[in-house]
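Each residue takes its place number in the sequence, starting with 1. Quantities reported herein were computed from a predicted structural model and do not represent experimental measurements.
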Amino acid sequence: MCDVDVLVVGAGPAGLSLARGLAGTGLSVTLVEQQPATALAEPAFDGREIALTHASRQIMQALGLWQRIDPAQVSPLRSAKVMNGGSPFALGFAAAKEGVEELGWLVPNHLIRRAAWEAVQGQAGLDLVDGAKVTAVETGAQANTVVLDDGRRLAARLVVAADSRFSATRRMMGIGAQMRDFGKSMLVCRMAHERPHRHEAWEWFGYGRTLAMLPLPGDQCSAVITLPPQQIQELMAMDEDGFGEAVGGFFEQRLGRMQPVGTRHVYPLVGVYAHRFAGPRYALVGDAAVGMHPVTAHGFNFGLQSQQRLAKLLEEAAGRGGDIGEAALLARYERSHRLATRPLYEATNAIAALY
């Protein structure tokens, strides 16, 4: 006897999107999340701007997420430039040359999280267990049982991990991961600047330092600075004027004087690729499957793709009365997502390691 058809561990954007994608399939879904519901409803600003592709926007529209994001907070990406150290040459990409108005869009991560949360409110057949931590996953022939830290036990025909690139349930299921610690940290901060960015993004590779400029609405951008942790801490310790001067210097004053307009946030750079994306009645989505280095901006896009691939297979199985946790179905999911992600994951790591 199962308590639920699909139990999703982690109510981040990938987990919430999967839950939303299963609406109308007749499958019951339970989300288990460590954070309280209040934090999910009003996620804090974390400094991260997510670059969304056309395909990701379509997925978000189909799920009802895109419509919930304030258009004034969305910045179109019309061109991009990749620079190499002091070389005068640059690799350029332009929407006009591709026959589209935008290459993609930049959206604050916390707004995507909020939109995903709002989209599942009132969804039939969906339950949330918040403020709960998974302590064990017990496998069985017909169901897996998830044990929570308060002693509760929930049986599900399929357990899905969406609990970050450092997934605890992945380890509980005996699935290892290839982890690439780049030994550097990424600092992100919104900056105001004097000269217009014209909705062009920059990726600037310098030996020992990688910079990115992501254009935001108005004369603001998100500065992304990758350096060894000690140098990042020096930047974090600066006052606002000193920090603005330092960042402006990094970008060689190409945007004129720069000044921070928001809080600074630091993240360790660790790439993760799970050895397997599935196990007995168990699957990985989002960063739990593939945690990308941000240099190619594909992390969240891969996360959206993973939940869409899995949701489609589950919907098809449910529609024909099949077993949503069968090994053959999960093998199809793993094969398709691995083919779509492995080449770019390896190429991204090679680029990041080079610089």
Side-chain angles (χ1 to χ4, degrees), residues 2 4-32 53 55-56 58-60 62-63 116 126 134 137 139-144 146 156-165 167 169-178 272-292 298-346:
C2 289
V4 65
D5 292 318
V6 182
L7 187 147
V8 182
V9 182
L16 289 168
S17 294
L18 175 62
R20 183 59 184 165
L22 295 176
T25 62
L27 296 171
S28 58
V29 181
T30 293
L31 281 164
V32 177
T53 62
S56 290
Q58 290 175 354
I59 294 172
M60 291 177 65
L63 295 173
L126 175 64
V134 176
V137 181
T139 59
Q142 303 301 318
N144 286 350
V146 170
R157 294 165 65 196
L158 177 67
V159 174
V160 180
D163 53 343
S164 87
R165 66 187 63 201
S167 171
T169 58
R170 184 179 65 211
R171 179 172 289 275
M172 292 173 193
M173 290 295 294
I175 298 177
Q178 172 190 338
V272 175
Y273 202 94
H275 293 162
R276 292 182 285 126
F277 294 166
R281 296 194 173 277
Y282 179 83
L284 302 165
V285 298
D287 281 1
V290 183
M292 293 286 289
H298 274 81
F300 183 66
N301 295 294
F302 278 167
L304 280 176
Q305 291 173 27
S306 68
Q307 65 79 30
Q308 183 188 50
R309 289 188 178 100
L310 183 58
K312 182 178 180 181
L313 290 171
L314 297 182
E315 182 179 12
E316 291 173 354
R320 64 174 183 268
D323 183 358
I324 62 171
E326 69 174 359
L329 180 152
L330 298 178
R332 286 174 60 197
Y333 161 68
E334 172 164 10
R335 185 165 53 250
S336 64
H337 196 48
R338 188 174 295 276
L339 285 171
T341 58
R342 188 77 196 205
L344 189 55
Y345 176 83
E346 295 296 349

Original post:
Stepwise, does the side-chain contact (heavy atoms from CB on, under 4.5 Å) test hold for D323 with R281?
Top reply: CA-CA 10 Å; D323 183 358; R281 296 194 173 277; 2.7 Å; yes

Original post:
Can you check whether N144's main-chain N or O pairs, donor with acceptor, with T139's side chain at less than 3.5 Å?
Top reply: no

Original post:
Is there a donor-acceptor pair under 3.5 Å between the side chain of R165 and the backbone N or O of V272?
Top reply: no

Subject >> Backbone N/O of A14 and side chain of Q307: donor-acceptor pair under 3.5 Å >> reply: no

**OP:** Check whether any side-chain heavy atom of E316 lies under 4.5 Å from a side-chain heavy atom of L329, and answer yes or no.
**Re:** no

Original post:
Could you give the distance from CG (L27) to CG (L22), rounded to the nearest 0.5 Å?
Top reply: 6.0 Å

Subject >> Spacing of F277 atom CZ and I175 atom CD1 [to the nearest 0.5 Å] >> reply: 10.0 Å

Original post:
Which value, rounded to the nearest 0.5 Å, describes the distance between Y273 atom OH and R338 atom CZ?
Top reply: 4.5 Å

Original post:
Do R170 side-chain atoms and A288 backbone N/O form a donor-acceptor pair below 3.5 Å?
Top reply: yes

**OP:** Give, for atom CG of L313 and atom CD of E315, the distance between the pair rounded to the nearest 0.5 Å.
**Re:** 10.0 Å

Subject >> Heavy-atom closest pair, residues C2 and Q142 >> reply: SG-O, 4.2 Å

Subject >> Minimal non-hydrogen separation, G10 against L31, with atom names >> reply: O-CD2, 3.9 Å

Original post:
Around atom CZ of R332, are there more than 12 heavy atoms of other residues, nucleotides or ligands at under 6.0 Å?
Top reply: no

Subject >> Value rounded to 0.5 Å, distance of OH in Y333 from CG in L314 >> reply: 10.0 Å

Original post:
So which heavy atom on S17 is nearest to which on L63, and how close?
Top reply: CB-CD1, 3.8 Å

**OP:** Would you sort out whether M173 and V159 count as a side-chain contact (heavy atoms from CB on, under 4.5 Å), showing the intermediate values?
**Re:** CA-CA 10 Å; M173 290 295 294; V159 174; over 6 Å; no

Subject >> Worked verdict on S28 versus D5 for side-chain hydrogen bond (donor to acceptor under 3.5 Å, both in side chains) >> reply: CA-CA 5 Å; S28 58; D5 292 318; 3.2 Å; yes

Original post:
Do you know which two heavy atoms are closest between G15 and V8, and how far apart they sit?
Top reply: CA-CG1, 3.9 Å

**OP:** Please determine which of L158, T169, L330 meets the side-chain contact (heavy atoms from CB on, under 4.5 Å) test together with Y282.
**Re:** T169

Original post:
Is there a donor-acceptor pair under 3.5 Å between the side chain of S306 and the backbone N or O of G286?
Top reply: yes

Original post:
What's the shortest heavy-atom distance between L304 and M60, and which atoms?
Top reply: CD1-CG, 3.8 Å

Original post:
Which atoms form the tightest heavy-atom contact between L18 and A311, and what is the distance?
Top reply: CD1-CB, 3.9 Å

Original post:
Could you state the interatomic distance from CD1 (I59) to CD (Q305), rounded to the nearest 0.5 Å?
Top reply: 6.0 Å

